[in-house]
2 protein chains.
Amino acid sequence: MTTRKGEETKARIVEAALDLFRERGYEETTMRAVAERAGVSQGNAYYYFKGKEYLLQAYYHRMQEDHIEAAQRVLDTETDLHARLLGVLNSKLEVIEPYHRFSGLLFRQAADPKSPLNPFNDQSAEARQEGINMYAQVLEGAKIKIPADIAPHLPGLMWTYSMGIVLFWLHDDSEGRQRTHALAEQTCDLVVKVIKLLSNPLLRPLRKSALRVLESIQVQLKPTPTDP
Amino acid sequence: MTTRKGEETKARIVEAALDLFRERGYEETTMRAVAERAGVSQGNAYYYFKGKEYLLQAYYHRMQEDHIEAAQRVLDTETDLHARLLGVLNSKLEVIEPYHRFSGLLFRQAADPKSPLNPFNDQSAEARQEGINMYAQVLEGAKIKIPADIAPHLPGLMWTYSMGIVLFWLHDDSEGRQRTHALAEQTCDLVVKVIKLLSNPLLRPLRKSALRVLESIQVQLKPTPTDP
DNA sequence: GTCTATAACCGGATAGAC
DNA sequence: GTCTATCCGGTTATAGAC
């Protein structure tokens with residue numbers, strides 16, 4: 001059980017860490033400095049956070065919350081699929097921009113299969129689901145027909161695609177991230193085209209192959225719950 | 001300039017590190033232990049390797065060499081595209097299997113945009129090119145027609161695809177990595193089908209969109225050399 | 001110049017008293 | 001829940017040997 005005071009202390013530590021990360025970057029921020037700014041002892045900081053990387057995680061969650069909020073504005077107003085998708089992507093890029101400097105570290109951590117930040121493992125199922133849901137919303141609000149067989153897979157695919165864009169952004173040092181924005185726009189086009197194309201009955205065999213692939217990935221991504 | 005004795009010392013350090021990594025894993029291996037097993041002082045190890053992660057890099061390079069060798073046997077014998085591609089993928093999976101336990105760390109490091117292991121940045125251009133060349137070979141030796149416009153992009157795409165398979169493998173804890181092998185086979189199928197499909201003149205507009213995307217990525221992947 | 005060793009530093013993490 | 005004291009291991013400074 002955690003007390004009121006505990007919550008406050010924890011919040012102070014997060015704030016201190018986030019401030020320092022933004023000021024100097026992650027590596028240059030010591031746990032000693034975080035503790036000092038939060039007004040607690042170093043040891044106490046470890047009472048609330050198992051390690052330094054867990055503070056990074058706090059950062060990550062905040063970004064996701066901010067994105068959900070920013071994307072909602074787009075989803076509430078746009079009705080065209082292309083506009084909705086691009087709007088959601090752009091709001092993502094906007095939200096993460098301040099952290100470009102060290103989000104490489106986030107990715108780095110996220111790449112470790114054992115990391116709680118890794119989008120592919122079970123621990124982060126909730127966060128992943130939130131992300132996927134967002135793209136389900138993107139599709140729902142759009143006036144477009146989607147073949148029933150691929151429909152359930154599409155949000156997950158789009159979410160994966162959005163991670164690809166973020167990966168590109170990570171390496172993008174162009175002025176104002178123009179390259180990433182250009183890529184988002186072009187690929188958005190492509191995605192919409194492919195979705196429309198997939199309805200074509202001539203492509204049914206290809207769609208079936210693709211579906212089989214998706215299903216075998218799915219098993220690993222969302223293991224079927226073992227019944228009692 | 002480095003002397004003969006220097007080379008030998010360096011090799012001893014790599015061997016010591018690689019042995020220890022395999023025995024206990026990366027995190028559990030201390031630089032002190034590596035130095036001791038190599039019969040050098042801890043400080044001396046740092047004369048040869050800027051840091052612990054550079055020893056990991058040695059591991060990585062060895063894996064790549066092994067893969068090139070293993071793949072060659074496939075490329076020399078098979079002529080069918082599907083068989084060639086699947087053969088190369090399987091040889092990759094075979095080579096990396098002993099390191100499954102900690103290759104997550106490799107990926108983790110590779111995900112950092114500044115890391116020399118990151119396949120997308122300039123420092124690793126050479127290693128990337130080697131990988132891409134392998135898939136160029138896969139295509140060359142196969143009896144198949146490829147539309148001229150996408151031909152130059154295909155090896156790079158296939159290399160990227162192979163990294164996707166490795167990423168999946170990383171998270172695969174199934175018996176004998178059956179899931180990854182199943183995925184490789186299925187996606188291999190799919191890739192071959194898509195390549196054939198892309199030749200269809202009806203898909204020209206889609207291909208054009210895709211090409212534009214590929215070109216904007218390319219700029220970042222291989223920046224055009226500035227002329228003098 | 002190339003190589004090697006010793007000693008120290010620094011910061012993340014932990015133990016244990018209060 | 002909070003602190004102090006300590007550990008541990010990656011890294012660096014530096015001095016000297018070949």
Side-chain angles (χ1 to χ4, degrees), chain A residues 1-21 23-60 102 104-106 108-109 112 114-117, chain B residues 1-21 23-60 102 104-106 108-109 112 114-117:
Chain A
M1 213 51 213
T2 82
T3 76
R4 159 84 96 287
K5 186 152 74 100
E7 287 298 336
E8 274 161 21
T9 308
K10 187 170 179 176
R12 271 209 325 282
I13 295 170
V14 178
E15 288 313 317
L18 267 47
D19 283 358
L20 286 166
F21 289 167
E23 282 170 28
R24 336 181 169 161
Y26 179 76
E27 318 266 57
E28 291 68 31
T29 300
T30 69
M31 286 302 277
R32 284 162 172 88
V34 171
E36 188 182 7
R37 180 167 304 199
V40 299
S41 72
Q42 191 186 355
N44 197 17
Y46 279 91
Y47 176 79
Y48 290 100
F49 296 93
K50 270 212 297 265
K52 194 180 175 182
E53 62 178 38
Y54 287 78
L55 289 167
L56 208 54
Q57 219 172 314
Y59 222 142
Y60 175 76
F102 69 89
L105 285 164
L106 259 175
R108 182 178 170 152
Q109 200 196 327
D112 183 342
K114 278 161 292 183
S115 165
L117 245 52
Chain B
M1 216 46 209
T2 90
T3 77
R4 160 80 97 284
K5 184 147 77 82
E7 289 296 338
E8 274 162 21
T9 307
K10 186 170 178 175
R12 270 208 326 283
I13 295 170
V14 178
E15 288 313 317
L18 266 46
D19 284 356
L20 286 167
F21 288 168
E23 281 171 29
R24 335 179 169 167
Y26 179 77
E27 318 264 64
E28 291 68 31
T29 300
T30 69
M31 286 301 280
R32 282 162 176 88
V34 171
E36 189 183 5
R37 179 166 304 199
V40 298
S41 72
Q42 192 183 356
N44 197 17
Y46 278 91
Y47 176 78
Y48 291 100
F49 296 91
K50 271 212 295 265
K52 194 179 175 183
E53 64 177 38
Y54 286 78
L55 288 168
L56 207 55
Q57 220 171 314
Y59 222 143
Y60 176 74
F102 68 89
L105 285 163
L106 259 174
R108 183 179 169 151
Q109 198 195 328
D112 183 342
K114 279 161 290 181
S115 164
L117 244 54

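When reading the values below, keep in mind they use all heavy atoms of this one structure, side chains included, and skip hydrogens, waters and symmetry mates. Letters A, B, ... mirror the listed sequences (proteins, then strands); counts begin at 1.
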Check the distance between C:dG12's C1' and A:Glu28's CD and give it to me in whole angstrom.
15 Å

What N/O pairs connect the protein and nucleotides 5-8 of chain C at under 3.5 Å? Give each pair on its own line.
from: C:dA5; atom 1: OP2; to: B:Ser41; atom 2: N; distance (Å): 2.7
from: C:dA5; atom 1: OP2; to: B:Ser41; atom 2: OG; distance (Å): 3.4
from: C:dA5; atom 1: N7; to: B:Ser41; atom 2: OG; distance (Å): 3.3

Can you tell me how far apart CZ (B:Arg37) and CG (B:Asp19) are? Round to the nearest 0.5 Å.
5.5 Å

With B:Tyr48 via side chain to side chain contact (heavy atoms under 4.5 Å, CB included) - residues at least two apart
B:Thr9, B:Lys10, B:Ile13, B:Asn44

Rounded to whole Å, the OH-C1' distance (B:Tyr54 to D:dG10) equals 14 Å

Write down the distance between CD (B:Glu27) and C1' (C:dA13), rounded to a whole number of angstrom.
13 Å

At less than 4.0 Å, is any side-chain N or O atom of B:Tyr47 found next to OP1 or OP2 of C:dC3? Yes or no.
yes

Looking at DNA chain D, which of residues 3-15 of chain B put a heavy atom within less than 4.0 Å of it?
none

Starting at CG of B:Leu20 and ending at P of D:dG9, how long is that distance when rounded to a whole Å?
13 Å

Atom pair distance, as rounded to whole Å: NZ in B:Lys52 and C1' in C:dC10:
17 Å

Can you find a pair of side-chain heavy atoms, one from A:Gln57 and one from A:Phe49, that are under 4.5 Å apart?
no

Taking CG from A:Leu55 and C1' from C:dG11, how many angstroms apart are they, rounded to a whole number?
14 Å

Given atom OH of A:Tyr46 and atom P of D:dT6, what is their separation to the nearest angstrom?
18 Å

Looking at side-chain heavy atoms only, is the closest gap between B:Val40 and B:Tyr47 below 4.5 Å?
no

Flag, side chain of A:Arg12 to backbone of A:Ala38, donor-acceptor distance under 3.5 Å
yes

Between A:Glu27 and A:Arg108 (salt bridge meaning N to carboxylate O under 4.0 Å), is one present in this structure?
no

Could you work out which one of C:dG12, C:dC3, D:dT2 sits closest to the side chain of A:Tyr48?
D:dT2

Rounded off to whole Å, could you give me the CZ-to-C1' distance for the B:Phe49 and D:dT12 pair?
18 Å

In the structure I gave you, are the side-chain heavy atoms of B:Met31 and B:Tyr46 within less than 4.5 Å of one another anywhere?
yes

Spacing of CD belonging to B:Gln42 relative to OG1 belonging to B:Thr30, to within rounding of 0.5 Å:
7.5 Å

Start with the C-alpha gap between B:Phe21 and B:Leu56, add the side-chain angles, then the distance that decides, and say whether side chain to side chain contact (heavy atoms under 4.5 Å, CB included) holds.
CA-CA 9 Å; B:Phe21 288 168; B:Leu56 207 55; 4.2 Å; yes

